[in-house]
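First up is the structure itself, then whatever we jot down about it.
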Amino acid sequence: MPNPQREYVTHRVQTASPVELIRILYEAAVQSMDEAVRALRSGDILARGKAVTKTIEILSELRIALRYDVQQEYCTTLAGLYGYMQNQVIRAHSEQSESPLLEVSRLLQTLLDGWNGAMEKLNPNGEPSHDAAAAASATAGSARAFTEQNPYSSEPAGAGSHGRSWQL
C-alpha cells in the first residue's frame, strides 16, 4: 500500500536544491529530538534509541555536507558544534537525562531558524543576495558563541572569532 507521507518526503528530497536539503535535515533533526524527549518521558527505550540514532545520523550528514572550500572557519565551528551535539545526545540517552536533549533541540532550532533566514535572502535562482551573508551569519554567530564556551572545542575560547563572514 502506498504511504502518502513517505511519498511526499521522497518527492521533497528528490526535488530539493542543496540549500533546501540542509533545511530538511535540520527539520528532521529537530523532529527526532522532540521524539527522543517524548520517548524519554514515556519510558519508551526503543523509540528513544531510534530517535537518538536518527539525530546522530543527521548530524553526521550535516557534518559531511560542510563545504570547507567555501568558508573553512565556519565549517570548523559547525563541525565542532555538530560533534558536541552528538556527544550530548549520546550522553543523554545513556544517562536517561532530559536536559542535554533539550539543549540539543534548542541548538538545532537556532540553526534551523538561521538557515531559514538565510534562505529567505536568496534570490529566485538560489544564489545569495547582498544580505544573505548577514542572515546566515546569525546562525554561524550562534554556533561561534556556543563553540567559544564549548569545552569540547579544540580551539581556545575566542580564537579566530573576529571578522568572519558566511557565504552560501
Side-chain angles (χ1 to χ4, degrees), residues 9 12-13 16 18-120 133 135-161 164-168:
V9 171
R12 185 176 176 206
V13 169
V19 173
E20 177 65 20
L21 285 173
I22 299 300
R23 181 193 345 221
I24 292 169
L25 286 171
Y26 281 139
E27 289 172 347
V30 168
Q31 180 182 9
S32 66
M33 288 308 306
D34 291 345
E35 292 169 8
V37 170
R38 279 193 300 276
L40 176 67
R41 290 177 180 166
S42 71
D44 188 342
I45 297 169
L46 182 60
R48 187 179 79 227
K50 286 181 179 181
V52 162
T53 299
K54 182 177 179 180
T55 302
I56 290 169
E57 289 173 350
I58 291 169
L59 289 167
S60 293
E61 285 297 319
L62 287 166
R63 182 182 277 176
I64 290 167
L66 293 171
R67 293 189 50 206
Y68 286 89
D69 61 317
V70 175
Q71 191 62 266
Q72 185 173 3
E73 291 178 57
Y74 284 121
C75 291
T76 301
T77 299
L78 284 171
L81 180 60
Y82 295 153
Y84 173 79
M85 289 190 285
Q86 286 176 316
N87 289 334
Q88 288 295 90
V89 170
I90 292 167
R91 184 176 70 101
H93 184 54
S94 68
E95 296 175 0
Q96 299 179 30
S97 176
E98 186 175 324
S99 64
L101 293 176
L102 294 174
E103 175 190 16
V104 171
S105 183
R106 283 189 303 271
L107 288 168
L108 287 166
Q109 187 62 54
T110 299
L111 291 169
L112 173 59
D113 292 344
W115 194 257
N116 285 334
M119 287 182 68
E120 288 174 10
S137 69
T139 300
S142 297
R144 181 176 61 247
F146 177 78
T147 303
E148 289 172 357
Q149 300 169 356
N150 178 0
Y152 299 100
S153 175
S154 59
E155 279 190 49
S161 62
R164 295 180 178 172
S165 66
W166 182 321
Q167 296 177 8
L168 296 175

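Being a predicted model, the structure only gives us computed values, none of them experimental.
- Contact between Leu112 and Tyr26 at its shortest, heavy atoms only, is CD1-CB, 3.8 Å.
- One finds the CG atom of Leu25 at 12.0 Å from the CG atom of Leu111 (value rounded to the nearest 0.5 Å).
- Taking CD of Gln71 as the start and CG of Leu66 as the end, the distance is 11.5 Å to the nearest 0.5 Å.
- Taking Thr53 as the reference, nothing meets the side-chain hydrogen bond (donor to acceptor under 3.5 Å, both in side chains) condition, with sequence neighbours excluded.
- Applying the salt bridge (charged side-chain N to carboxylate O under 4.0 Å, His left out) rule to Glu57 yields no partners; only residues at least two apart in sequence or on another chain are considered.
- Put simply, the side chain of Met85 does not reach to within 4.5 Å of the side chain of Thr55, judged on heavy atoms.
- With a 4.5 Å cut-off on side-chain heavy atoms, Glu35 and Lys50 do not count as touching.
- Side chain of Gln86 to backbone of Ile56: a donor-acceptor contact under 3.5 angstrom is found.
- Under the 4.5 Å side-chain criterion, counting only non-hydrogen atoms from C-beta, Val104 is not in contact with Tyr84.
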Please test Met119 against Ile22 for side chain to side chain contact (heavy atoms under 4.5 Å, CB included), starting from the C-alpha separation and ending with a verdict.
CA-CA 10 Å; Met119 287 182 68; Ile22 299 300; over 6 Å; no
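- A distance of 8.5 Å separates CD1 of Ile58 from CG of Leu108, quoted to the nearest 0.5 Å.
- No donor-acceptor contact under 3.5 angstrom links the side chains of Gln109 and Arg106, judged on distance only.
- Closest heavy-atom contact between Arg63 and Ala79: NH2-O, 2.8 Å.
- Applying the side-chain hydrogen bond (donor to acceptor under 3.5 Å, both in side chains) rule to Ser105 yields no partners; only residues at least two apart in sequence or on another chain are considered.
- Atoms CG and CD, on Leu102 and Gln88 in that order, are 11.5 Å from each other to the nearest 0.5 Å.
- For residues 37-46, the pairs satisfying side chain to side chain donor-acceptor pair (under 3.5 Å) are Arg41-Glu98, with sequence neighbours left out.
- Residues meeting the side-chain hydrogen bond (donor to acceptor under 3.5 Å, both in side chains) test with Gln72, sequence neighbours left out: none.
- Residues Leu78 and Leu62 form no side-chain contact, since every pair of their non-hydrogen atoms from C-beta on lies 4.5 Å or further apart.
- Of all heavy-atom pairs between Pro100 and Arg91, the closest is CG-NH2, 3.2 Å.
- Not counting sequence neighbours, the partners of Leu21 by the side-chain contact (heavy atoms from CB on, under 4.5 Å) test are Val13, Ala16, Ile24.
- The two residues Ala36 and Ala51 have their closest heavy-atom pair at N-CB, 3.5 Å.
- Of the charged side-chain nitrogens involved, at least one lies within less than 4.0 Å of a carboxylate oxygen, so that Arg23 and Glu20 count as a salt-bridged pair.
- By the 4.0 Å N-to-carboxylate-O rule, Glu27 lies close enough to Arg12 to be salt-bridged with it.
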